[in-house]
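Take a look at the structure below.
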Amino acid sequence: MLLLATLCIMQALAAEAETCPDCFIRSRAAHYPNSDEQGTDSGACGFGSFGATINGGDVSAASGLYRNGLGCGACYQVRCLNSYYCSDRGATVVITDSGSGPNTDFILSRRAFGRMAQTKDAAAAILAHGVVNIEYRRVSCSYPYKNITIKIDEKSDYPHYLGFIIWYQQGKKDTTAVQLCETTNFACKLLDRSHGAVWTTTSPPSGPLSLRMLFSDEDGDDESWVVPVNNIPQDWKAGETYDTGVQVN
């Protein structure tokens, strides 16, 4: 009976999320027990050290919301439910890793976990609890004065293999497809999501490369291709970052 009741509650929450995308959903959250204030630089999304510092270190690992990497970079408002300790504002976190705890949807950085509290003393109290009841909803990511940026993966090998990660994507949409196009003949190649937020291709197109990104909402009903102003240069290098010159909301 207990299992049946739990399943009914989960189905009800899922139905609520589908009919009210801006409503809060109840869950639980833990925090990285041995991390410093910020997140991890070895998260499953492939962001590297950027994943520990993006959004000021207010980041999180997710279980189901990781969505096989599709959820990387998504932003959520997360607030704990104990009114004695917790603020109404909560914390806004960016998904940079995959992980799960005891019946949790989020494993927050210690910084983000503490920011759900009203005061420093309250933050210490909820950190001591380790796991707290929360509610969350997806919100738009915001990076003022930042364009979408391409970080070439360190394992890239010019001109045989190219991998990169997309930084600073604003809004509430997911990156569901990426193409690289030659700027001379416009021949395009669809890239693979190798893991997390890392897009890769063997034998990449030659010359300066035009990027095309497909942004979609979670239902796939609202999709749009975005073509950046700036190209990836012909002599791209592993470890370099390239400003696309565009931003989306």
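Atom CG of Asp157 is surrounded by more than 12 heavy atoms from other residues, nucleotides or ligands within 6.0 Å. Counting non-hydrogen atoms of other residues, nucleotides and ligands closer than 6.0 Å to CG of Asp221 gives a total above 12.
Closest approach of Ser210 to Val227, counting heavy atoms only: OG-CG1, 3.8 Å. For the residue pair Ala123 and Ala117, the shortest heavy atom distance occurs at N-CB, 3.3 Å. Summarising the geometry of Ser109 relative to Asp58, their closest heavy-atom pair is OG-CA, 4.1 Å, with the distance given to 0.1 Å. In plain terms, the two heavy atoms of Ala238 and Ser156 that are nearest each other are CB-O, 3.6 Å. For the residue pair Ser83 and Gln118, the shortest heavy atom distance occurs at O-NE2, 2.9 Å. Between Thr92 and Asn55, the shortest heavy-atom distance links the atoms O-ND2, 2.8 Å.
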#### Entry: Asn147 and Asp243: CA distance, side-chain angles, deciding distance, side-chain contact (heavy atoms from CB on, under 4.5 Å) verdict
CA-CA 6 Å; Asn147 292 324; Asp243 188 328; 3.1 Å; yes
### Query
Step by step, would you call Trp236 with Tyr242 a ring pair (Phe, Tyr, Trp, His ring centres under 6.0 Å)?
CA-CA 9 Å; Trp236 52 265; Tyr242 300 106; 8.7 Å; no
### Query
Given the rule in the side-chain contact (heavy atoms from CB on, under 4.5 Å) test, do Ile150 and Ile166 qualify, once you have shown the distances and angles that lead to the verdict?
CA-CA 5 Å; Ile150 301 302; Ile166 297 173; 3.9 Å; yes
### Task
Please step through side-chain contact (heavy atoms from CB on, under 4.5 Å) for the pair Cys181 and Phe186, ending with a clear verdict.
CA-CA 5 Å; Cys181 304; Phe186 302 105; 5.5 Å; no
### Task
List the steps, then state whether side-chain hydrogen bond (donor to acceptor under 3.5 Å, both in side chains) holds for Asp121 with Tyr85.
CA-CA 9 Å; Asp121 288 342; Tyr85 295 117; over 6 Å; no
### Task
Let me see the working for Thr201 and Lys189 under side-chain hydrogen bond (donor to acceptor under 3.5 Å, both in side chains), right down to the final yes or no.
CA-CA 8 Å; Thr201 180; Lys189 185 173 185 178; 3.0 Å; yes
### Task
Report the C-alpha separation of Ile54 and Thr96 in whole Å, then their side-chain angles, then the decisive distance to 0.1 Å, and conclude whether the side-chain contact (heavy atoms from CB on, under 4.5 Å) test is met.
CA-CA 9 Å; Ile54 186 175; Thr96 61; 4.0 Å; yes
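The salt bridge (charged side-chain N to carboxylate O under 4.0 Å, His left out) pairs that include a residue from residues 223-241 are Asp235-Lys237, where partners are two or more places apart or lie in different chains. Within the structure, salt bridge (charged side-chain N to carboxylate O under 4.0 Å, His left out) contacts touching residues 130-145 (residues at least two apart or in different chains) are Arg26-Glu135, Arg79-Glu135, Arg138-Asp174, Arg138-Glu218.
Between atom CD1 of residue Ile232 and atom OG1 of residue Thr244 there is a gap of 9.5 Å, rounded to the nearest 0.5 Å. Distance check: Tyr84 OH to Ile126 CD1 gives 13.5 Å after rounding to the nearest 0.5 Å. Put simply, CZ on Phe47 and SG on Cys72 are 5.5 Å apart, with the number rounded to the nearest 0.5 Å. The CZ atom of Arg67 sits 12.5 Å away from atom OG of Ser98, with the distance rounded to the nearest 0.5 Å. The line from OG1 of Thr175 to CD of Gln169 is 3.5 Å long, rounded to the nearest 0.5 Å. In this structure, OG in Ser60 is found 7.5 Å from CD1 in Ile107, a value given to the nearest 0.5 Å.
Side-chain N or O atoms of Ser100 include none that pairs as donor or acceptor with a backbone N or O of Ser63 at under 3.5 Å. Asp153 places no side-chain N or O within donor-acceptor distance of the main-chain N or O of Phe164, the cut-off being under 3.5 Å. A donor-acceptor distance shorter than 3.5 angstrom exists from the side chain of Arg111 to the backbone of Gly56, with no hydrogens or angles considered. Checking side-chain atoms of Gln77 against main-chain N and O of Arg89 turns up a donor-acceptor pair under 3.5 Å. Formation of a donor-acceptor pair under 3.5 Å by the Gln247 side chain with backbone atoms of Lys146 is found in this model. Between the side chain of Asn185 and the backbone N or O of Ala187 there is at least one donor-acceptor pair closer than 3.5 Å. In this structure, the side chain of His31 engages the main chain of Leu127 through a donor-acceptor pair within 3.5 Å.
No side-chain heavy atom of Arg193 sits under 4.5 Å from any side-chain heavy atom of Val198. Residues Val132 and Leu81 have side chains not in contact (no heavy-atom distance under 4.5 Å, counting atoms from C-beta outward). Under the 4.5 Å side-chain criterion, counting only non-hydrogen atoms from C-beta, Pro208 is not in contact with Glu182. Contact annotation: the side chain of Gln179 approaches that of Trp225 to within less than 4.5 Å [non-hydrogen atoms, C-beta and beyond]. For the pair Pro102/Val131, a side-chain contact is recorded, criterion being any heavy-atom separation below 4.5 Å from C-beta on.
The cluster map of Ile, Leu, Val, Met, Phe, Trp and Tyr, joined by side-chain heavy atoms under 4.5 Å apart, puts Ile25 and Leu65 in the same cluster. Leu190 and Leu162 fall into different hydrophobic clusters, where Ile, Leu, Val, Met, Phe, Trp and Tyr residues are linked whenever their side-chain heavy atoms come under 4.5 Å apart, directly or through other members. Ile148 and Trp199 fall within the same hydrophobic cluster, where Ile, Leu, Val, Met, Phe, Trp and Tyr residues are linked whenever their side-chain heavy atoms come under 4.5 Å apart, directly or through other members. Two different hydrophobic clusters hold Val94 and Leu108 under the rule that ILVMFWY side chains link at heavy-atom gaps under 4.5 Å. Cluster annotation: Leu209 and Leu214 are assigned to distinct hydrophobic clusters (Ile/Leu/Val/Met/Phe/Trp/Tyr, side-chain heavy-atom contacts under 4.5 Å, transitive).
By the 4.0 Å N-to-carboxylate-O rule, Lys172 lies too far from Asp217 to be salt-bridged with it.
Defined by atom type and a distance below 3.5 Å, a donor-acceptor pair is present between the side-chain atoms of Thr176 and Ser216. For the residue pair Tyr76/Asp105, the side-chain donor-acceptor check at 3.5 Å is not satisfied.
For Tyr168, the ring-ring contact (aromatic ring centres under 6.0 Å, His included) partners at least two apart in sequence or on another chain are Phe50, Tyr143.
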